[in-house]
Peer 1: 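Pasting a structure below so you can have a look.
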Amino acid sequence: MAGKTVFVTGGAGYIGSHCCVELLEAGYNVVAVDNFANSVQDDGVATALKRVEKITGKPVTFYKCDLLDRERVMKIFDQHKIDCVIHFAALKAVGESMQLPLQYYKNNLIGTINLLEAMKSTNCFDLVFSSSCCVYGDPEFLPITEEHPTGNVTNVYGRTKYFIEEMLKDLSKSDPKWNIISLRYFNPVGAHPSGLIGEDPTKEVQNVMPFIASVALGKKPHVTIFGNDYNTPDGTGVRDYIHIMDLASGHVAALKKLQTTKDLQYKVCLGRGISVLELIREFEKATGTHVPTVQGERRYGDVGTLICASKKALSELDWVYNLGTGRASSVLDLIRTFELVSQMKVPFVMKERRHGDIVSMYADTTLASEELGWQARHDVLRMCEDFWRWQTMNPNGYKSETAATNGNGIPEKTAKSAFTNGNHVNANGDGVKASNGH
Ligand code: NAD
C-alpha cells in the first residue's frame, strides 16, 4: 500500500473527504481534485481536506479542477504517477437532476469520460466508481442483492449512475487491463468521530441527516415525512443507513481487491499460469487468513499444466458491491435516535405519500463481506452521535471554522454554540422527503 497514489475526484465533498482519511491512514498517498460545485473552499483551498490533514497528520495534494476541463485533468495525470482512481465527483441532487437533465448528463457522463481517457493515456486502469442503490429502482425483492435488475430508474441522477456502470462494463470488456469496481452505496450518514469533518453541501440541504440536524438547530421548522401508512413497522419509509466511516473503509477494501486481481491478472497475462500453491498464497495474502494444505499423491488423469484463456475471463469479470449494513431503519427511527442523542426536539409533520417514493430499501451485503472482507460496524445510534458532534462543533459547517480553530485544529465553536443560537429562523418552509436516499 505504502507509496501507492490514489487520485480522488470530488475529494472535497462529503464522502470523498472521509474516504481520504481512511486512505491516508491505510498508507496511500492522495491526489484530490474538486471544482467546489458542492463543497466549501477558502480561496481555492478545500477546507474539508485541510481538516483531513489535521486528523491524519499527512498531506493531501489538492487541485481545484473541473472534470469537464479535459486538458487540465490530463495535465494533472501527467504530473503525478497515479496508481488508482476513486471517482466520487458527480452532481447528485435528485430533484435538481429532473430540472437540469443536460447539466447532470454533461457533468456526470462527460466528466467520467474525460477521467477515463486521462487514466488510459497514462496507463492507469484501476478504478473504484461511486455508484448508488438507486440503480435498482423500486426493489423487486428485499434485501437487495447485486443480482437485482438495474436500469429501471425513475430520475436523471440515478440514470447517470446506471449509464456510467454500463459504460464501465463495456470498457472492461474492450480491454482486460481495466480493473474496475462499482460500489453501490445505500444511505451514508454520520461524520468522522473527531467532529472535524462532516457533511456540508453548498447546495440546498437534501440528505436526511443534515436536514434533521438543521431542524434540531432551529434553522428549519420541521421535517416533513411523506407517507405514514406504508407496510413497514411504523408506517414510514425504510432505508439502510450506513456510517460514513464504514463506507470509507469499504473503499480501502475495494482498492485491496483491485490490487490482488491485478497481481493475478499480471501473472496470468504473462502466460505462465499460476500453480495451486501460488493461488492459495495469493488468497491468504488477500484475505489475511491461513489456508492449511496437505500434500496428496498425484491422481491418475490430472493435467499438470493448464493455462486457460483467463485474460478473457478476467476482463469479463464485472465487480459490483453493495455498501450498506443490511439493517433497515425507518425515518421515525432516525428522528427518535437523533432526538435521544441531541436532547433536542425534532418537530415533524406527516403528509400524504408521494407518487414514485420507494417504500423500503436495504442491502444484502454478503458479497462485499465474502469478496472484500468488509462489513459495516456502526449502528444508527453511533451515526447520530457522530453527526451531532460534527454539527454542534460546526453549526455553520466549514464556513464557521475557517477562522475559528485553535492550535490543535479543533474548532473553538463547541456544542454550546449550537444551543446559544437563538436565531430560530424559518429558512424556508420546505420539508424534506425524508425517506429518500440516493
Ligand atoms: P458531494 O456533493 O458532497 O461530493 C461530490 C463532490 O464532487 C463535490 O465536492 C463537488 O464539488 C464535486 N464535483 C461535482 N462535479 C464535479 C466536476 N465536474 N469536477 C470536479 N468536481 C466535481 O457528494 P457525496 O455525498 O460526497 O457523494 C459522492 C459520490 O457518491 C457521488 O458520486 C454521489 O453520486 C455518490 N453517492 C452519494 C450518496 C449520498 O447519499 N451521499 C449515495 C449514493 C451515491
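Below, each value reflects all heavy atoms present in this structure, side chains not excepted, and no hydrogens, waters or symmetry copies. This structure is a prediction, so every number in the text was calculated from the model and none was measured. Atoms within a ligand are numbered from 1 in the order they appear, just like the ligands themselves.
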Peer 1: Cys65 heavy atoms, cut-off 4.0 Å: which ligand 1 atoms fall inside?
Peer 2: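 Reading through ligand 1 atom by atom, the close ones are 19 (N), 20 (C).
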Peer 1: Taking atom types as modelled, find out whether Tyr241 and Thr325 have a side-chain donor-acceptor pair closer than 3.5 angstrom.
Peer 2: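 On atom types as modelled, these side chains do not qualify, holding no pair under 3.5 Å.
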Peer 1: May I have all residue pairs that pass salt bridge (charged side-chain N to carboxylate O under 4.0 Å, His left out) and include part of residues 127-141, sequence neighbours excluded?
Peer 2: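 Passing the test, one end in residues 127-141: no pairs.
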Peer 1: Can you confirm whether the side chains of Ser131 and Glu165 place a donor and an acceptor under 3.5 Å from each other?
Peer 2: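 Their side chains do contain a donor-acceptor pair, which is all the 3.5 Å distance test asks for.
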Peer 1: Ligand 1 and Pro188, any nitrogen or oxygen pair closer than 3.5 angstrom?
Peer 2: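 N/O-N/O distance under 3.5 Å: no.
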Peer 1: Within a distance under 4.0 Å of any heavy atom of Ser132, pick out the atoms of ligand 1 and give their elements.
Peer 2: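 Numbered from 1, ligand 1 contributes 43 (C), 44 (C).
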Peer 1: As a check for students: among Val135, Thr9, Leu67, identify the option with a heavy atom nearest to atom 19 (N) of ligand 1.
Peer 2: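 Selected option, by shortest heavy-atom distance: Leu67.
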Peer 1: Does one side chain, of Arg72 or Tyr63, offer a donor that lies under 3.5 Å from an acceptor on the other?
Peer 2: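 No, no side-chain donor-acceptor pair sits under 3.5 Å.
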Peer 1: If we set the cut-off at 4.0 Å for heavy atoms, which region of Cys133 has an atom near ligand 1: side chain, backbone, both, or neither?
Peer 2: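 Neither; nothing of Cys133 gets under 4.0 Å from ligand 1.
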Peer 1: Can you tell me if Val33 has a non-hydrogen atom under 4.0 Å from ligand 1?
Peer 2: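 False for this residue.
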Peer 1: Are Leu334 and Ser329 close enough that some pair of their side-chain heavy atoms sits under 4.5 Å apart?
Peer 2: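 Side-chain contact under 4.5 Å: no.
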Peer 1: Which is it for Ser131 and ligand 1 at heavy atoms under 4.0 Å: side chain, backbone, both or neither?
Peer 2: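 Answer for Ser131: backbone.
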Peer 1: Taking non-hydrogen atoms only, is Phe36 closer than 4.0 angstrom to ligand 1 via side chain, backbone, both or neither?
Peer 2: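 Backbone only.
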Peer 1: Show me which atoms of ligand 1 lie under 4.0 Å from any heavy atom of Ala89.
Peer 2: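 Those of ligand 1 that fall under 4.0 Å from Ala89 are 7 (O), 13 (N), 16 (C), 21 (N), 22 (C).
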Peer 1: For Asp229, what residues pass the salt bridge (Lys or Arg N to Asp or Glu O under 4.0 Å) criterion, not counting sequence neighbours?
Peer 2: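 Checked Asp229 against salt bridge (Lys or Arg N to Asp or Glu O under 4.0 Å); matches are Arg353.
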Peer 1: Using the side-chain hydrogen bond (donor to acceptor under 3.5 Å, both in side chains) rule, pick out the option among His243, His378, Gln391 that qualifies with Asp386.
Peer 2: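 When His243, His378, Gln391 are each tested with Asp386, the side-chain hydrogen bond (donor to acceptor under 3.5 Å, both in side chains) holds only for His243.
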Peer 1: Give the numbers and elements of all ligand 1 atoms closer than 4.0 Å to a heavy atom of Ala37.
Peer 2: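 Numbered from 1, ligand 1 contributes 11 (O).
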Peer 1: Ignoring hydrogens, just give me the one of Asn38, Asp34, Leu115 whose non-hydrogen atom is nearest atom 6 (C) of ligand 1.
Peer 2: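 It is Asp34 whose heavy atom sits nearest to atom 6 (C) of ligand 1.
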Peer 1: Looking at ligand 1, would Ser17 count as a contact under a 4.0 Å heavy-atom criterion?
Peer 2: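 False for this residue.
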Peer 1: Below 4.0 Å from any atom of ligand 1, is there a heavy atom belonging to Asn207?
Peer 2: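 Heavy atoms of Asn207 do come under 4.0 Å of ligand 1.
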Peer 1: Side-chain donor-acceptor pair under 3.5 Å between Thr365 and Asn322, yes or no?
Peer 2: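 No, no side-chain donor-acceptor pair sits under 3.5 Å.
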Peer 1: Does a side-chain heavy-atom distance below 4.5 Å link Leu168 with Leu116?
Peer 2: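 In contact.
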Peer 1: To which of Phe186, Tyr185, Tyr157 does the heavy atom nearest atom 34 (O) of ligand 1 belong?
Peer 2: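 Looking at heavy atoms only, Tyr157 sits closest to atom 34 (O) of ligand 1.
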Peer 1: Under 6.0 Å between ring centres, would you say that holds for Tyr28 and His251?
Peer 2: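 No, too far apart.
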Peer 1: With a cut-off of 4.0 Å, which atoms of ligand 1 are near a heavy atom of Lys92?
Peer 2: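 The atoms of ligand 1 under 4.0 Å from a heavy atom of Lys92 are 2 (O), 23 (O), 24 (P), 25 (O), 34 (O), 41 (N).
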Peer 1: Say whether Pro201 and ligand 1 are in contact under the criterion: heavy-atom distance to a ligand atom below 4.0 Å.
Peer 2: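 For ligand 1, residue contact (heavy atoms, under 4.0 Å) with Pro201 is absent.
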Peer 1: So, for Phe36 and Phe62, is the gap between ring centers shorter than 6.0 Å?
Peer 2: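 That pair passes the under 6.0 Å test.
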Peer 1: Hey, which atoms in ligand 1 end up nearer than 4.0 Å to a heavy atom of Lys161?
Peer 2: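 Those atoms are 31 (C), 32 (O), 33 (C), 34 (O).
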Peer 1: By number and element, which atoms of ligand 1 are closer than 4.0 Å to a non-hydrogen atom of Asp66?
Peer 2: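 Answer for ligand 1: 17 (C), 18 (N), 19 (N).
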